[in-house]
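Hydrogens, waters and symmetry mates are skipped; everything else that's a heavy atom, side chains included, is used. We name chains A, B, ... by the order of the sequence lines, and we start the count at 1 in each one.
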Amino acid sequence: MVELAQKSSEARNARFGRVVSRYGIVLAFLILFVILSFAHQNFLSTGNITNVLRQVSINGILAVGMTFVILTGGIDLSIGSVLAFAGIVAGALVTGADPSNPFLAVAAAIGVGALFGAVNGLLVARFKVTAFVATLGMLSMARGATLLISDGRPVPNLSADFRWLGQGFVAGIPVPVICFALVFVIAWVVLRFTIYGRWIYAVGGNVRSARTSGIPTRMVTFSAYLIMGALAGFAGAILTARTTSALPQAGLGYELDAIAAVVIGGTSLVGGVGSVVFTLVGVLIIGVIGNGLDLLGVSSYYQQIVKGAIIVAAVLIDRSRNAQS
Amino acid sequence: MQKALEGRQVLDLSDAGFSVEQTVLLAATDISKSFNGVPALLDGRIQLHAGSVHALCGGNGAGKSTFLNILMGLLRADGGTMVRDGQVVSYASAAEALADGIAIITQELSPVLDMTVAENIYLGREPRRGWFTDSAKMVADARALFDRLKFKIDATAVMRDLTVAQMQLVEIAKAISRESQVLIMDEPTSAIGEKESETLFEAIRSLQAQGVGIIYVSHRLTDIFSIADSYTVFRDGRFVESGAIADIDRQRLIGLIVGRDLRDQEPRAEREATEAVIEARNFSNGGVFTDISLSVAKGEILGLYGLMGAGRSEFANALYGNGPKQSGDVLLRGTQLIIKHPSDALRAGIAMVTEDRKGNGLVLPASVRDNIVMGALKRFSSFGFMKAGEENRAVDAQIERFRVRTASRDLAVQNLSGGNQQKVVFARCIETNPQVLICDEPTRGIDEGAKREIYAFLSDFAARGNAVLMISSEIPEILANADRIIVFRSGRIAGELTAAEATQEALVHLAS
């Protein structure tokens with residue numbers, strides 16, 4: 001009896017602690033939001049909010065993919081380079097006098113992204129190369145390949161139809177934001193309501209137990225990198241459309257922002273625990289801080305320091321939570 | 001009641017040949033501890049004499065861990081007194097307890113695997129010569145230590161090459177090298193086989209002879225009766241009884257632990273021969289197991305017994321598609337199966353409770369619900385989407401059926417006790433609707449009550465026309481639950497016994 005009471009009370013406390021630390025990050029975001037809206041009168045303006053959302057959509061799409069990979073206990077460092085490669089491919093298809101259909105260009109970008117992702121996935125899932133090392137190698141290879149196919153030069157003169165993807169609006173909402181919203185909702189549904197979502201969490205939580213339960217663990221790990229690659233390709237197409245020419249040096253360091261968003265959202269780097277919803281909060285925090293500091297005229301050098309400090313703080317909070325339980 | 005118990009204690013000890021003035025190394029009385037106002041320990045007591053192996057018994061949740069953590073300075077007691085060598089003490093940290101000669105050897109060993117044995121023993125306090133480590137002295141000291149303890153371990157061996165039992169001996173040596181006089185051993189045999197246990201017991205006897213006092217915690221009653229000389233039982237956070245092992249029998253000890261009178265299990269009734277449900281033919285894998293052929297009949301529980309490393313687990317894992325094999329065919333009711341992955345086995349109706357529930361049985365951070373349905377996701381989904389209602393109903397039914405004690409189906413499995421975790425593993429297997437259940441050490445490290453429930457479940461499962469392949473290192477468990485026992489020795493089948501002809505001696509004889 002005593003034991004039962006103790007168990008349930010412990011469970012309650014554990015759950016309470018989890019709720020506080022889980023939603024702590026949302027609270028932090030809201031506080032930040034309120035402070036910034038007092039600190040600068042333009043922060044809450046429709047124009048600025050739209051601007052923030054557009055700025056975060058590229059990182060948002062990448063961070064959603066990164067959530068899949070990190071949930072399986074992996075990491076993908078190659079996405080910035082893959083994004084650049086896919087951007088060049090898309091740009092090459094829609095440049096010049098006879099541009100291809102923009103949808104074809106987007107599909108091609110997603111396709112090559114997925115191809116890179118598949119190679120990463122094979123290396124990690126089939127050949128058991130550590131994710132860090134495999135994707136670090138891919139970071140360098142994909143960047144080199146990008147420079148090779150573009151000869152190191154930007155691809156200019158993209159068709160107006162294609163540029164709509166990065167610059168257009170639907171009902172007053174920027175197209176990239178709509179793309180990000182779609183990606184986010186699909187990912188949320190998949191992770192939360194499907195068998196595949198369960199597989200991802202199980203593989204990340206304990207790959208050997210997942211296998212014992214009959215889950216095709218290799219396929220699941222492989223697919224996470226595939227999804228990540230495809231989303232990096234998609235983000236590459238959007239970024240290219242936004243910047244009006246495809247740049248071979250695009251996406252440098254983007255992997256770090258995506259990882260940062262996932263980590264700030266509290267998804268465990270060990271795998272198995274986390275949520276794409278909290279990744280969204282992480283993405284928004286990074287975006288809002290950048291925007292707020294911009295508005296307040298703080299140098300971008302400081303912004304980097306602040307961003308780094310937030311990442312470390314988020315992990316520290318995570319640690320102390322784990323230490324408690 | 002209390003008075004009577006104390007009287008009994010003194011009487012028992014003198015009966016067992018202890019002199020009254022024998023040194024008390026450690027005495028704890030009335031130790032209590034609450035967490036957030038909920039008492040975990042109400043009245044913890046122990047009296048440990050020099051040269052004694054004192055078994056601390058109790059089910060999961062009896063308060064043993066809390067009590068040990070207090071002895072070790074990892075937790076602060078709310079009340080009670082602890083006396084160490086005649087001095088009232090209260091440790092603020094494990095370091096203080098260690099400095100006062102109390103060391104613990106836990107279930108989870110944490111040696112530095114790539115260092116040598118000697119380096120592990122003197123980790124952090126290496127003998128030095130100037131700025132450098134004096135390796136020669138370190139090795140010489142370690143050898144002298146092993147000689148004194150009569151441990152046969154090479155001080156220069158790399159830790160990784162040692163068996164689990166040897167690693168435990170190294171941990172013990174480490175504790176002794178720190179001049180520890182009180183040694184707490186928490187489930188020391190849970191990860192090692194019969195033969196290795198004997199090595200460990202010899203070591204314990206040698207320590208005993210040198211006046212070390214040992215608090216021995218184990219769910220394995222067999223071990224307790226072969227090594228301990230006195231016992232203390234806790235139940236529901238309270239001291240229940242203390243006495244000499246010589247004065248108590250297995251049945252009564254179990255009764256004290258579970259708090260109700262449980263008779264030692266009866267062997268299973270004889271059963272009619274029936275057709276085979278599953279048949280394994282010529283399973284071999286590079287000397288780990290060789291030419292294993294066996295079959296399990298409808299309604300039968302087949303026990304697999306053997307020492308650690310005899311190839312039982314490896315064979316079972318290969319059968320389930322979860323481990324390598326070079327050859328071997330599986331027939332399910334006469335139909336040949338191709339099993340390359342556990343998913344193949346599950347689809348055919350073969351489920352497995354693996355030996356290491358934390359390592360490859362459960363996804364610890366995932367919820368009770370997610371774990372229970374993990375093997376049967378397809379059944380609870382349509383077009384890839386989970387059907388939450390059906391799923392939750394099935395999970396609740398399993399929680400009820402196995403009497404899993406959990407605050408909610410959404411609680412992470414890592415928050416459950418060992419016995420309840422094991423029930424979740426069983427529930428996961430049953431949710432796949434198996435006809436064959438392979439269970440590898442199904443009751444390892446869980447309390448007596450949960451064990452009984454699992455035995456009852458296995459018996460019932462078999463009675464419904466299914467087949468059970470049960471691997472166990474605990475002879476009484478296998479004798480009480482199996483209809484037929486196959487003994488493995490060095491990767492081969494050494495013999496087969498029916499429940500009627502099997503005895504402890506016969507099994508040990510065949511296995512070694």
Side-chain angles (χ1 to χ4, degrees), chain A residues 1-19 71-73 186 189-220 266-275 318 321-322 324-325, chain B residues 34-40 42 59-63 236-238 320-322 341-347 351-352 354 356-366 370-371 373-378 380-381 383-386 388 405-408 410-412 414-417 420 428-429 432:
Chain A
M1 201 53 223
V2 167
E3 184 193 348
L4 255 183
Q6 179 198 344
K7 286 249 167 68
S8 72
S9 129
E10 270 174 10
R12 211 165 33 240
N13 286 331
R15 208 170 336 142
F16 181 68
R18 256 198 314 277
V19 166
L71 277 178
T72 66
I186 293 171
V189 168
V190 165
L191 284 177
R192 186 152 165 82
F193 297 109
T194 68
I195 291 194
Y196 177 73
R198 293 287 175 86
W199 284 357
I200 290 271
Y201 281 98
V203 166
N206 184 338
V207 69
R208 299 202 301 142
S209 300
R211 190 184 146 90
T212 304
S213 302
I215 293 171
T217 53
R218 275 188 193 170
M219 197 279 271
V220 173
T267 293
S268 161
L269 280 174
V270 187
V273 178
S275 152
D318 195 49
R321 176 178 72 197
N322 287 342
Q324 277 167 17
S325 65
Chain B
S34 299
F35 296 101
N36 308 314
V38 183
L42 294 158
N60 293 338
D236 297 333
R238 286 179 193 280
Y320 183 62
N322 210 8
H341 188 276
S343 59
D344 300 327
L346 287 168
R347 210 172 303 122
M352 178 161 177
T354 48
D356 178 5
R357 65 177 163 265
K358 288 182 179 165
N360 62 1
L362 292 168
V363 178
L364 290 175
D370 287 4
N371 273 285
V373 296
M374 195 166 291
L377 290 169
K378 290 226 166 72
F380 297 106
S381 64
F383 303 104
F385 284 83
M386 298 303 299
R405 282 207 229 165
T406 174
S408 129
D410 297 319
L411 194 67
Q414 63 204 5
N415 298 318
L416 304 188
S417 71
N420 284 304
R428 189 201 75 215
C429 289
T432 65

Residue, of T194(A), N206(A), I215(A), T212(A), that accumulates the most heavy atom pairs under 4.5 Å with chain B: T212(A)
Residues R208(A), T354(B); criterion side-chain contact (heavy atoms from CB on, under 4.5 Å); working and verdict: CA-CA 11 Å; R208(A) 299 202 301 142; T354(B) 48; over 6 Å; no
Residue part contacting chain A, namely of F383(B), when any heavy atom lies under 4.5 Å: neither
Proximity breakdown for M352(B) and chain A, heavy-atom pairs closer than 4.5 Å: backbone
Check: N360(B)/R211(A) side-chain N/O donor and acceptor closer than 3.5 Å: no
Residue among G361(B), S381(B), A351(B), G321(B) with most heavy-atom pairs under 4.5 Å to chain A: G361(B)
Contact origin within L377(B) toward chain A - heavy atom pairs under 4.5 Å: both
Which of D356(B), L346(B), N322(B) touches chain A most, by non-hydrogen pairs under 4.5 Å: N322(B)
Contact winner vs chain A - A388(B), C429(B), G359(B), P365(B), heavy-atom pairs under 4.5 Å: G359(B)
